[in-house]
Amino acid sequence: MNRKSLEEQFFRRLTQLTTVLLFVVLTWIIATILYRGIPAMSWDMITKVPQGGFYFGKEGGVLNAIIGSFYLAGGATLCAIFVSLPVALFMNIHLVKYQSFLTRIRLLLDILWGVPAIVYGAFGFTLMLYFGLRASLLAGIITVAIMICPIMIRAMDEVLRTIPRGLMEASYSLGSTRTETAFKIYARKALPGLTTAVLLALGKGIGDAAAVLFTAGFTDYIPENLLQPTATLPLSIFFQLSSPIEAVRERAYAAAIILTVIILLFSLTGRGISTLYKKYSANGND
Amino acid sequence: SSSDKQGQQTEGETVRVAISGAFALYPLVTVWAEEFNKTHPNIQFDIQAGGAGKGMADVLSGATDVGMFSRTIAQAEKDQGVWWVAVTKDAVLPTISSENPYLPELHRQGVTHQELSSIWLSENEPSWNEIVDLGSSGNETITVFTRSDASGAAEVFATYLGAHQEDLNGVGVMGDPGLAEAVRKDQLSVGYNNTIYVYDVETGEKNPGIDVIPLDLNANGVIDEDEAFYDNFDSILKAVGSGKYPSPPARELYLITNGEPEKQAVISFIEWVLTDGQEFVRPSGYVPLDESYVQDQLTKLQD
Amino acid sequence: MISALKIKQTGSRFWVDRISTTWMLAGLFFILVVPFAIFLGLLIKALPLLYDQSLWAILSGTEWSPMRGNFGFLPFIVGSVLVTVLAVCFSAPTSLMAAIYITQFAPKRFLKLVHPVIDILAGIPSVIYGVWGVLTIIPLVAGLASWFGISSTGYSILAGGIVLAVMSTPYVLNMLIEVFRSMPIGLKEASLSLGSTYWECIKHVLLRKGLSGILAAFALGVSNALGNTIAVLMVVGNRVQFPSNVFEAGYPIPALIANNYGEMMSIPLYDSALMFAALLLFVMVTFFNFASRYFIQKYEV
Amino acid sequence: MVMTETPIIRIRDLNVHAPDNHILKNIHLDIPKNKITVLLGPSGCGKTTLLKSLNRLTDLYPELKIKGNIYIDDDDILHPERDVSQIRQKMGLLSQRPYPLPMSIFKNVAYGLKLKGITKKDEVERRVQEYLKKAALWDEVKDRLHSSAEQLSIGQQQRLCLARGLAVNPEVILADEPTSALDPVSTQMIEHQFQELKEEYTIVLVTHMLRQARRLADYVVFIYYGKIIEHGPVNEVLDNPKEELTKKYVSAGV
Amino acid sequence: MVMTETPIIRIRDLNVHAPDNHILKNIHLDIPKNKITVLLGPSGCGKTTLLKSLNRLTDLYPELKIKGNIYIDDDDILHPERDVSQIRQKMGLLSQRPYPLPMSIFKNVAYGLKLKGITKKDEVERRVQEYLKKAALWDEVKDRLHSSAEQLSIGQQQRLCLARGLAVNPEVILADEPTSALDPVSTQMIEHQFQELKEEYTIVLVTHMLRQARRLADYVVFIYYGKIIEHGPVNEVLDNPKEELTKKYVSAGV
Ligand SMILES: Nc1ncnc2c1ncn2[C@@H]1O[C@H](COP(=O)(O)OP(=O)(O)OP(=O)(O)O)[C@@H](O)[C@H]1O
Ligand SMILES: Nc1ncnc2c1ncn2[C@@H]1O[C@H](COP(=O)(O)OP(=O)(O)OP(=O)(O)O)[C@@H](O)[C@H]1O
Ligand SMILES: [Mg+2]
Ligand SMILES: [Mg+2]
Ligand SMILES: O=P([O-])([O-])[O-]
């Protein structure tokens with residue numbers, strides 16, 4: 001009896017400690033960014049595009065990259081949702097009967113998680129040249145969307161898998177079609193988890209520079225249409241970090257703060273919306 | 001902001017010129033583009049760094065108009081029809097931490113070509129007293145750093161040592177700033193950096209924490225008067241310009257295109273870079289080309 | 001009366017179902033084509049190298065000097081495996097523990113706090129992780145090494161593993177949180193009302209119920225780690241060698257690709273070799289996933 | 001089943017296998033229209049599986065292998081190509097374990113209406129109220145129609161699912177122990193409801209309460225370990241069972 | 001409750017609130033030792049919530065606010081610092097909705113034994129068999145003890161949970177409609193079981209079957225909308241109810 005409660009106490013503490021440790025590390029990273037970035041932060045950073053010699057420590061900001069990242073990550077995430085949500089639902093509703101087929105699909109998707117972003121970049125680059133495109137917002141969106149789709153699908157899939165079969169039965173016995181079951185019941189039931197999946201993929205899409213290095217190009221201007229090249233924050237940060245000027249490297253952290261704030265905004269709105277829609281559902285499936 | 005830029009447009013349609021390539025040239029080209037824009041507001045430059053090789057690949061595949069390039073152009077690349085023009089020079093310097101315990105000795109004695117080779121090319125890393133005469137002390141091994149990413153600087157430095165980048169030993173660190181940082185932190189290490197990563201462009205002083213190993217060019221065991229030009233940015237740039245600092249590891253930096261440039265915007269930009277543009281080179285921490293050399297390059301452009 | 005059951009297949013519901021099913025199928029088809037396309041693309045590009053040298057020579061070779069035509073991949077394979085194994089050893093248990101704490105022990109609003117933090121971390125560019133690693137992990141590892149009496153620059157397999165672990169944590173942790181969050185309360189009730197302690201309930205019931213999800217999260221974490229480039233290459237030392245301990249530098253495959261993709265045009269067979277590297281990584285990930293599938297299936301009830 | 005009525009559902013040679021279990025064995029059964037057919041049998045004998053087969057919900061369980069024919073309208077619904085979603089709308093199943101949809105109480109019922117194409121707001125409200133009343137749930141939930149249905153008590157969930165199931169207005173109601181979690185008063189009301197419904201609908205009911213069977217059934221089917229042991233009009237089977245097994249079961253009457 | 005026996009559980013001023021619902025109102029109740037106390041009341045009146053409070057399973061629902069005192073052997077279990085796992089081991093709850101643990105049938109029962117520290121293989125096997133027999137499930141599952149418990153029929157799951165609950169050998173058994181999904185034969189066997197158990201255990205039983213209450217109960221508590229309306233020895237409450245509400249409920253008897 002006593003041993004049991006000791007064990008319980010031990011693991012409670014252990015998991016707590018691990019969590020604290022993990023969050024110390026994680027906040028440490030965020031703190032590093034803040035610590036180095038705040039001094040370099042200025043209003044110009046978010047209101048101006050780079051002026052001459054920005055990468056030499058002169059005036060300007062990263063508005064081009066902010067807008068570019070919004071366009072690119074937003075566009076790619078939307079495209080990816082457009083593909084991923086239906087696919088994940090399809091797997092868990094239309095294909096429940098074909099478990100072995102599902103296992104294979106999951107295998108393929110998992111493999112895609114392991115393809116380096118740079119290979120997606122090269123892949124997108126080849127496609128882009130094949131279609132006679134130049135580095136552009138469009139090419140970037142397509143590449144990034146292809147890159148984050150597997151992440152989104154698999155993360156969604158893992159969430160949808162936990163929904164009890166009985167709910168599908170309930171929906172079917174009312175005469176719902178599979179589509180209705182998918183989008184009205186399943187998507188709703190799993191909404192917070194789906195949001196997590198989307199945000200996870202968005203993170204990858206907004207933060208990974210390698211794929212866009214090849215396909216989105218870079219520019220100090222704000223793109224006006226899909227065929228123009230676009231700047232992105234990770235690339236902008238990358239270039240600033242490679243500058244010989246200390247002050248510019250510090251600015252990279254300021255840019256990282258901006259990126260952090262953008263993700264935070266996405267995160268809060270995304271999760272906010274999902275709780276709003278999900279208020280009728282208790283936590284934990286039956 | 002961008003609307004300002006477009007507001008200045010007076011005539012003609014906007015032309016976009018895409019440039020990509022070497023990190024070494026990236027800051028300077030952004031300055032050039034900005035200055036050039038003042039007189040040619042209808043040209044928009046899209047400039048990105050990514051390494052010399054990326055510039056080459058992009059140019060050859062037609063993904064960009066102009067490449068920035070920071071090492072000698074390989075035969076395989078010439079065979080594919082690349083066209084190039086030198087636009088400025090800079091140099092790669094062997095660097096150490098300013099905390100290095102043997103700094104005074106090093107400054108006095110310098111290192112010879114052969115000693116450098118033994119540091120970067122021999123399988124077993126030498127100790128400090130094999131490089132400099134330190135009496136009984138200095139038997140710690142030298143920590144050798146090298147660039148991990150395929151880069152012009154590394155290739156030029158390796159060429160100086162009679163090798164290729166892939167032959168350089170050492171822990172590979174990404175990027176010039178990364179290498180400088182690694183060298184700065186490890187008292188017993190050596191590395192190599194582009195000049196602008198060693199000296200502060202504004203003050204001309206060496207950046208804190210980092211120092212240069214002078215080259216003992218005549219291998220006489222001491223740094224002579226005319227081998228001592230590492231004090232500040234100006235003197236090293238002058239030495240590079242005059243050829244006192246050998247090339248390699250000094251090098252020319254190029255703009256490249258796929259075949260001879262045809263786009264009018266590209267031609268006039270390169271022309272401007274070789275003429276008016278040269279005045280921005282020195283303040284940015286690069287070495288301007290000789291007058292006569294510029295003429296060479298210009299004729300190259302004109303035929 | 002029987003015809004009462006015959007329903008005309010008309011109406012918007014029917015069409016919506018048709019259209020959306022087609023759309024779903026098209027999406028699935030599209031996304032399933034991608035791995036094959038990537039595989040084929042890489043294979044085609046890697047063929048010149050395979051014509052030039054025997055596969056065995058490439059895989060078992062230890063010499064890497066493209067200029068001289070030596071393409072030995074063994075050190076890279078070893079580097080990749082080591083870094084990934086280290087990363088998983090760090091991130092899997094911590095993520096699991098943290099997910100358990102966050103979903104089971106901590107007050108509910110803690111999760112609300114945790115979520116944005118995780119989202120942010122998933123989105124921080126890998127260069128930033130790399131720089132952070134250089135600033136903090138490298139000295140730490142160097143110090144640790146000297147404590148063990150080994151001299152190390154800090155740029156090492158261990159540093160790579162740590163940075164990689166931190167980077168894959170948001171993915172693994174997020175998925176684990178979802179796994180635990182979706183556990184039916186009734187299941188907990190069932191175990192608790194038998195008089196199990198909360199921990200016993202977690203250990204015997206929740207972990208088992210979530211087993212396939214947990215393993216899937218780990219497997220995805222591994223895949224993700226195997227393919228990570230920039231951040232790792234900034235701290236791992238990029239030295240073509242077989243590290244004799246974790247404090248030595250190594251050279252994982254993605255780092256090889258990222259370091260050299262710029263130069264591949266200029267050296268014969270180089271592009272082919274780098275594409276082969278990507279292919280190799282692809283095959284390794286595939287192999288790993290097959291293995292983990294097998295493992296998961298074996299342990300599912 | 002010897003009966004004068006035309007059967008609405010004809011089950012022929014139905015066999016359902018699980019990997020380690022032969023769940024239903026050679027089921028041959030006709031289900032008459034506008035009658036209440038009650039399935040009786042010990043727990044685990046395969047009643048739920050039979051109901052699910054009628055609706056092809058067995059599709060959701062890959063481990064189940066199902067063979068045989070089920071004709072509705074001379075149409076074999078077990079045919080793999082058959083599109084089942086309309087069949088399911090005509091045959092509402094009230095599952096043994098109630099599963100509220102992840103929405104509010106109101107929307108749970110409105111969902112069924114929406115599927116039928118009823119979307120006008122006041123019409124929906126009127127109907128929701130009507131069905132909740134039919135299911136004897138209205139009084140308890142009228143003040144919290146818009147809170148989550150998942151937090152209802154089990155008995156309330158069962159009634160909610162009944163209301164929802166009635167709202168889609170199926171032709172055949174397959175009810176799997178629909179009053180198992182209900183108190184006598186609610187049970188009475190629901191039974192009354194069923195009696196009214198049978199004028200228009202066909203009802204297949206699973207119950208463990210022999211008295212309920214007596215009160216409601218027109219026909220009774222007694223299943224034992226996956227086999228139909230006896231079936232026929234209620235008084236024949238319950239009052240004069242022919243088989244030994246049936247006798248034993250009936251005499252245990254609770 | 002006016003009673004001569006020493007109460008094993010004393011509930012004082014228990015109030016449970018949900019955000020939009022006052023579920024239990026001022027519950028004041030003594031539960032006698034070694035007797036069967038039956039909780040009666042319409043669906044949704046709060047019976048399950050009351051049982052869960054006794055076990056502090058209400059902790060799992062953050063939306064529920066619980067106030068008051070529950071003394072077990074003079075120990076207030078609602079005290080936040082109180083270690084509940086011991087309490088829970090003393091008071092086995094059979095939940096209304098059976099939840100098999102995600103393991104084999106055998107392990108489901110063995111799990112309870114393991115918690116008690118019984119791990120010797122043949123001892124475990126013997127006991128698993130014993131409890132499965134007690135729960136009237138052995139015959140049905142003896143050939144597939146090692147297949148997943150989640151695929152059992154609902155009634156089988158209910159009996160499995162009973163077997164599992166008995167295996168931990170609690171002092172108080174809180175049974176929430178333990179026979180709701182069972183056929184008459186199994187129900188009889190389980191009731192018989194309870195009657196034997198009460199020699200050693202205290203049993204609190206929720207049921208909707210008045211006959212079951214009559215057969216089993218020593219004491220009866222009638223709850224209505226979260227309030228205790230009437231309680232007392234079984235014949236007093238069921239045969240001569242004092243309150244109008246109780247009368248109405250009892251007369252509906254199914
Ligand atoms: N977690 C919760 N949140 C909000 N309301 C709840 C919650 N749990 C129960 N309720 C409400 O409390 C009331 C009592 O529920 P409880 O489950 O105790 O009823 P019950 O008497 O067991 O009914 P039944 O016989 O149907 O099982 C119900 O009206 C129910 O809707
Ligand atoms: N998916 C499944 N896989 C394996 N066995 C199953 C599955 N579903 C049901 N069974 C088994 O088939 C038998 C019949 O189950 P079913 O649910 O049809 O019983 P039931 O007559 O409805 O019982 P109850 O009255 O307890 O609900 C049971 O022995 C059960 O264990
Ligand atoms: Mg059943
Ligand atoms: Mg209840
Ligand atoms: O210009 P580099 O970065 O390639 O030296």
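Keep in mind that what you see is a predicted model, and the values were worked out from it rather than measured. Labels below follow one simple rule: chain letters A, B, ... track the order of the sequence lines, proteins then strands, and each chain is numbered from 1.
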**OP:** Assess whether atom NZ of D:Lys142 is packed by more than 12 heavy atoms of other residues, nucleotides or ligands within 6.0 Å.
**Re:** yes
Original post:
Under 6.0 Å from the NZ atom of D:Lys227, do we count more than 12 heavy atoms belonging to anything else shown?
Top reply: no
Subject >> Most chain E-contacting option - heavy-atom pairs closer than 4.5 Å, from D:Glu177, D:Arg144, D:Glu63, D:Arg97 >> reply: D:Arg97
Subject >> Closest-packed option against chain E by number of heavy-atom pairs under 4.5 Å, given D:Ala18, D:Ala136, D:Pro98 >> reply: D:Pro98
Original post:
Listed by chain and number, what are the ring pair (Phe, Tyr, Trp, His ring centres under 6.0 Å) partners of D:Tyr224, not counting sequence neighbours?
Top reply: none
Original post:
Looking at residues at least two apart in the chain, or sitting in another chain, which of them share a ring pair (Phe, Tyr, Trp, His ring centres under 6.0 Å) with D:Tyr131?
Top reply: none
Original post:
Listed by residue number, which members of residues 154-165 of chain E have a heavy atom under 4.5 Å from any heavy atom of chain D?
Top reply: E:Ile154, E:Gly155, E:Gln156, E:Gln157, E:Arg159
Original post:
Which of residues 46-60 of chain D get closer than 4.5 angstrom to chain E, counting heavy atoms alone?
Top reply: none
Original post:
Any idea which of E:Leu40, E:Asn21, E:Leu182, E:Asp20 has the most non-hydrogen atom pairs under 4.5 angstrom with chain D?
Top reply: E:Leu182
Original post:
Is any side-chain heavy atom of E:Lys248 less than 4.5 Å from a side-chain heavy atom of D:Pro184?
Top reply: no
Original post:
Mind checking whether E:Ser186 and D:Pro42 have side chains closer than 4.5 Å, heavy atoms only?
Top reply: no
Subject >> N/O donor-acceptor pair under 3.5 Å between E:His208 side chain and D:Ala181 backbone >> reply: yes
For [X], which atoms come within 4.5 Å of any heavy atom of chain E: side chain, backbone, both, or neither?
| X | answer |
| --- | --- |
| D:Asp176 | neither |
| D:Glu140 | both |
| D:Tyr61 | neither |
| D:Ser43 | both |

Original post:
Between E:Asp183 and D:Tyr249, which heavy-atom pair has the shortest distance, and what is it?
Top reply: CB-OH, 3.6 Å
